[in-house]
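A quick write-up on the structure given underneath.
All values derive from a computational prediction rather than experimental measurement.
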Amino acid sequence: MSSDITTASEALTFDKLGLSSKVLSAVSDAGYTEPTPIQAGAIPHALEGKDVLGIAQTGTGKTASFVLPMLTRLEKGRARARMPRTLILEPTRELAAQVEENFIKYGKNHRLNIALLIGGVSFDEQDKKLERGADVLIATPGRLLDHRERGKLLLNGVEILVIDEADRMLDMGFIPDIERICEMIPFTRQTLFFSATMPPEITKLTEKFLQGPVRIEVSKAASTNTSITQRIVKSGSKPWDKRAVLRDLIKAEGDELKNAIIFCNRKVDVSELFRSLTKYEFDAGALHGDMDQRARMTMLSNFRDGRLKLLVASDVAARGLDIPDVSHVFNFDVPIHAEDYVHRIGRTGRAGRSGKSFTIVTKSDLKALDAIEKLIGQKIEWHDGDLSSLPPAEETDEAPRRGRGAQRGRERGARSDSRQSRRPTASAQPDQELETVIQPDSEERASRRDAIRSENGARKGRPANGQEQRRHRRDEDDHPVIGFGNDMPAFMMIAGKV
DNA sequence: AAAAAAT
């Protein structure tokens with residue numbers, strides 16, 4: 001098992017790979033003539049029916065490296081009801097949908113039934129497609145197993161199995177599901193297995209489920225030091241400090257900023273930042289996993305088509321999603337895991353273009369920043385002076401202000417450690433925008449709720465933001481956790497509600 | 001300190 005290395009000297013074209021004429025004509029219609037290294041390496045072996053272990057990241061042309069040979073192989077034979085002929089497993093719904101688009105694009109000369117089984121949408125249409133017999137079944141693990149348990153799906157007719165983004169499946173805890181699914185499929189199948197990295201758990205999985213695989217490894221698509229200008233930007237640690245820093249950055253970039261993804265670590269923060277930016281009349285959308293599926297799809301396609309300039313997103317958008325040309329990436333929060341930083345900023349500076357990334361850094365982020373710099377093996381430059389140039393502010397977390405009347409009953413035994421920075425204090429700076437959401441004063445809670453409600457109501461007529469409505473209602477339920485602040489009524493503590 | 005995915 002040695003890695004295949006294709007030399008760049010021989011300008012390889014698609015027509016030498018053994019693909020069918022139907023596939024080739026669709027590929028050339030799409031404007032491609034030369035395969036990427038992973039495609040050149042994987043396609044001939046996949047066509048021969050061999051198992052393939054592809055180690056490649058998004059942006060390397062990995063998807064076509066299994067879609068094209070599968071289409072060629074599917075030209076013989078026909079699907080039977082409830083017995084799909086091929087199965088492609090993807091970690092997220094968007095990725096699954098994206099793979100479906102690839103099958104539609106490159107399979108336009110074929111008459112194939114394609115079924116997409118993902119959560120968040122109704123079963124009816126999926127059932128119908130299964131009943132009709134699917135040549136290509138693309139699924140996220142949860143929904144697939146759900147269909148199977150309902151008896152709508154038999155996996156013993158699967159000829160080709162694709163496991164995509166295996167390392168991400170591992171991160172998401174899908175490996176037991178993947179093992180279960182693999183065991184339902186006859187081992188006479190062909191397996192195409194893709195992963196960006198090979199941690200031990202993934203290696204074990206390939207040893208168990210691949211038979212004499214051809215291993216193809218291509219170098220990273222987006223290494224961090226190429227065309228991306230990275231900067232870190234100092235900020236006070238309060239959310240409104242960070243929002244102000246972000247707004248300034250966006251404005252300062254001016255026309256250079258064509259479109260940008262703004263990453264937050266948490267879904268609530270995505271919603272909150274999205275609302276704030278919208279309020280400041282930035283052209284923004286939001287994307288995270290608790291939004292309903294239709295909203296996710298709409299946001300993504302609006303962003304892709306350039307109808308939306310800024311996309312505030314959780315790490316759903318960090319990997320895999322095909323968002324071609326992003327001029328800027330902002331990390332509103334420093335990612336918790338250093339690898340995520342690489343994935344996030346890898347959304348810009350692709351395909352030889354240049355990109356910029358800004359990461360907003362507060363005092364409490366310095367450790368995470370250090371881990372990132374270690375991982376990427378370089379120091380990231382400060383954009384406009386480091387944190388030491390910040391006014392020393394009342395940000396010194398060492399001095400817990402006790403004795404503020406009722407301000408202090410709660411917070412899991414009044415911790416005075418790292419949670420400090422999240423605790424609202426009475427001396428909080430007045431935020432131009434969301435201070436009412438954050439202020440702990442319980443007397444204001446009712447009016448604050450009303451404010452949010454009317455904000456959502458006012459949103460109704462606005463199509464670009466309309467999709468987020470359902471989420472906002474939930475956010476309302478999320479916020480009081482913060483809003484209770486430090487004056488939770490004593491009876492609630494007795495009730496053990498902390 | 002998170003996110004993702006089945007309901």
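Comparing A:Ser314 and A:Gly120 by the nucleotide of DNA chain B that holds the closest heavy atom to each, the one mapping nearer the 5' end is A:Ser314.
The CD1-P distance, from A:Ile163 to B:dA5, rounds to 18 Å in whole Å. Distance CG (A:Asp292) to P (B:dA6): 14 Å, rounded to an integer number of Å. Look at CG on A:Asp290: it is 14 Å from C1' on B:dA6, rounded to the nearest Å. Note: CG (A:Leu95) to C1' (B:dA3) measures 14 Å, nearest angstrom. Straight-line distance from the NE2 atom of A:His147 to the C1' atom of B:dA5: 14 Å, rounded to whole Å. Nucleotide B:dA5 holds its P atom 7 Å from the CD atom of A:Gln293, rounded to whole Å. Atom NZ in A:Lys267 sits roughly 16 Å away from atom P in B:dA1 (whole-Å rounding). In this structure, A:Asp177 places its CG atom 13 Å from P of B:dA5, rounding to the nearest Å.
No more than 12 heavy atoms of other residues, nucleotides or ligands shown are found within 6.0 angstrom of CD on A:Glu125.
In terms of polar N and O atoms assigned as donor or acceptor, the side chain of A:His337 comes within less than 3.5 Å of the base of B:dA2 in a complementary pairing.
For A:Phe303, the ring pair (Phe, Tyr, Trp, His ring centres under 6.0 Å) criterion is met by no residue, not counting sequence neighbours.
Checking the phosphate oxygens (OP1, OP2) of B:dT7, no side-chain nitrogen or oxygen of A:Arg150 falls inside 4.0 Å. Residue A:Arg148 has no polar side-chain atom (N or O) positioned under 4.0 Å from OP1 or OP2 of B:dA6.
Residues A:Phe66 and A:Phe194 place their aromatic rings such that the two centres sit under 6.0 Å apart.
The side chain of A:Asp146 sits closest to B:dA6 out of B:dA6, B:dA4, B:dA2. For A:Glu149, the side-chain atoms get nearest to B:dA6 when compared with the rest of B:dA2, B:dA5, B:dA6. Side chain of A:Arg266, nearest nucleotide from B:dA4, B:dA2, B:dT7: B:dA2. Between B:dA5, B:dA4, B:dA2, one nucleotide has an atom nearer to the side chain of A:Thr140 than all others, and that is B:dA5. Distance from the side chain of A:Arg143 is smallest to B:dT7 among B:dA1, B:dA4, B:dT7. Of the listed nucleotides (B:dA3, B:dA5, B:dA2), B:dA2 has the atom at the smallest distance from the side chain of A:Ile336. Closest approach to the A:Asn265 side chain among B:dA5, B:dA3, B:dA2 is made by B:dA2 (side chain taken as heavy atoms from C-beta onward).
A distance-only check finds no donor-acceptor pair linking the side chain of A:Glu131 to the backbone of A:Arg82 [under 3.5 Å].
Each of A:Lys267, A:Arg168, A:Arg344, A:Arg266 was compared with A:Asp315 under the salt bridge (Lys or Arg N to Asp or Glu O under 4.0 Å) criterion, and only A:Arg344 meets it.
Residue contacts for A:Asp171: at a heavy-atom cut-off of 4.0 Å it reaches a base atom on one of the strands shown.
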